[in-house]
Asker: 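For reference, the structure I am asking about is given below.
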There are 2 protein chains.
Amino acid sequence: MALMLKDIYTRLLERGHKLTPQRWAIIAIFLMNRGRHLSADDVYSMLKETHPNNGIATVYRTLELLEEIEVLKKLDFGDGRARYEVRDEDNHHHHHLVCQSCGKIIEFEDDLLGALEMAIERKTGFRINDHVAKFFGTCAECQAKEAAQS
Amino acid sequence: MALMLKDIYTRLLERGHKLTPQRWAIIAIFLMNRGRHLSADDVYSMLKETHPNNGIATVYRTLELLEEIEVLKKLDFGDGRARYEVRDEDNHHHHHLVCQSCGKIIEFEDDLLGALEMAIERKTGFRINDHVAKFFGTCAECQAKEAAQS
DNA sequence: ATGATTGCAAAGACTTTGCAGTCTC
DNA sequence: GAGACTGCAAAGTCTTTGCAATCAT
């Protein structure tokens, strides 16, 4: 089921962390933007609307903390900044399709990698905790645009 | 077959680039270190031994160029710096296993992702040019160490 | 000769850190 | 009250850029 505020609160307290208004606000931003891939600066901008005094350092520290307690997953789309998404169970097996033409990120649900993971564990003895798969190419819309131009 | 110096020279000239001693030296470093994942700074350090006057800016510019002409592939292992490897045909279908305990990178040859790519193209209309798959976990040696400690 | 390329240093972008004051538990 | 947390500004790291001098073709 979907990750909820109460779960996050529990995880924080369990590990001796505190729930401050700033953290609460940042968590809310992610819960209200499920499925998006927010950078530290995205979060900072959204946060300033309600918490104008908040510093960017707190955003970075909170993102790090939330990643540590497995609320967020850190992503990298090669644009020079880290991005984060909520780490849901529902959400566990999806990949990102990065359009090299318009930059759009498309999600693709799938668990074919499970088979690959098992093959790897069997052949190498490596124990896998997590994986990332990204596919680079051209989305359907951009292909249509290309076709129209030629 | 393996990518050779002559191929690279051809690709450079075809696109109006020049083969300078600096570029030649950087290419040589990669050809002599096939299979390694070198950062800009790695290359810079190795380069200084033979070309002490070379600037780091040239390294960055050369890496960018070599990526552009598809001699190198840019990698990211989440350690805050870009890494590069030679983009061989032989080399095309391998994944990286990142050990979260000792940091070692293990290569795994495989083409199971081909099936996944086709599924994606069929279901979404997205045209895929390239992919990256990384697996995070614990390598066999580190597992053995863990077991020995407990 | 001519435009590409280089080295240097300065600037940029993103992220981390030190510290004194503040707040949660 | 105690230790965790915050905001600010400074510093760090990796990467990019401007420019005059130099080099490959």
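In the text below, chain A, chain B and the rest are named by the order of the sequence lines, each starting its count at 1.
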Asker: Rounded to whole angstroms, how far apart are CG on B:L12 and C1' on C:dT5?
Answerer: 12 Å

Asker: Rounding to a whole Å, what distance do you find between A:H51:NE2 and D:dC5:P?
Answerer: 16 Å

Asker: Do you know which two heavy atoms are closest between B:A40 and B:V59, and how far apart they sit?
Answerer: O-CG1, 3.6 Å

Asker: How about B:D130 and B:R87: do any of their side-chain heavy atoms sit closer than 4.5 Å?
Answerer: yes

Asker: Heavy atoms from C-beta onward define the side chain here; which of C:dC14, D:dA24, D:dT6 lies closest to that of A:R81?
Answerer: C:dC14

Asker: Does a side-chain N or O of B:Q22 approach OP1 or OP2 of D:dC23 to a distance below 4.0 Å, or not?
Answerer: no

Asker: When the distance from CD1 of B:I56 to C1' of C:dA9 is rounded to whole Å, what number comes out?
Answerer: 14 Å

Asker: Give the nucleotide from the list D:dT6, C:dG7, C:dG3 with an atom nearest to the side chain of B:T58.
Answerer: C:dG7

Asker: Think A:R23 has a side-chain N or O under 4.0 angstrom from the OP1 or OP2 of D:dT6?
Answerer: yes

Asker: So does B:T20 get a side-chain nitrogen or oxygen closer than 4.0 Å to the phosphate oxygens (OP1/OP2) of C:dA4?
Answerer: no

Asker: Can you tell me the distance, in whole Å, between the CZ atom of B:R61 and the P atom of D:dC23?
Answerer: 15 Å

Asker: Please tell me which of the listed nucleotides, D:dC5, C:dA9, C:dT5, lies nearest to the side chain of B:A57?
Answerer: C:dA9

Asker: Over how many whole Å does the gap from B:W24 atom CH2 to C:dT5 atom P extend?
Answerer: 18 Å

Asker: Of all the heavy-atom pairs spanning A:R11 and A:E70, show the shortest one and how long it is.
Answerer: NH1-O, 3.0 Å

Asker: What is the distance, to the nearest angstrom, from the CD1 atom on A:I69 to the P atom on D:dC5?
Answerer: 11 Å

Asker: 5'-most contact on DNA chain D: B:A40 or A:N54, nearest heavy atom basis?
Answerer: A:N54

Asker: Pick the closest DNA chain C nucleotide for B:T62 and for A:E64 by heavy atoms, then say which residue is nearer the 5' end.
Answerer: B:T62

Asker: For DNA chain D, whose closest nucleotide is more 5', that of B:P21 or that of B:S39?
Answerer: B:S39

Asker: If every non-hydrogen atom of A:I106 is compared with every non-hydrogen atom of A:C139, which pair is closest and at what distance?
Answerer: CD1-CB, 3.9 Å

Asker: For the rings on A:F135 and A:H96, is their centre-to-centre separation under 6.0 Å?
Answerer: no

Asker: Can you measure A:L13 atom CG to D:dG3 atom C1' for me and round it to whole angstrom units?
Answerer: 15 Å

Asker: What is the distance from OH of B:Y60 to P of C:dC8, rounded to the nearest Å?
Answerer: 16 Å

Asker: Base, sugar-phosphate alone, or nothing: which one does A:D41 contact when heavy atoms must sit under 4.0 Å apart?
Answerer: nothing

Asker: Does a side-chain N or O of A:H17 approach OP1 or OP2 of D:dA4 to a distance below 4.0 Å, or not?
Answerer: no

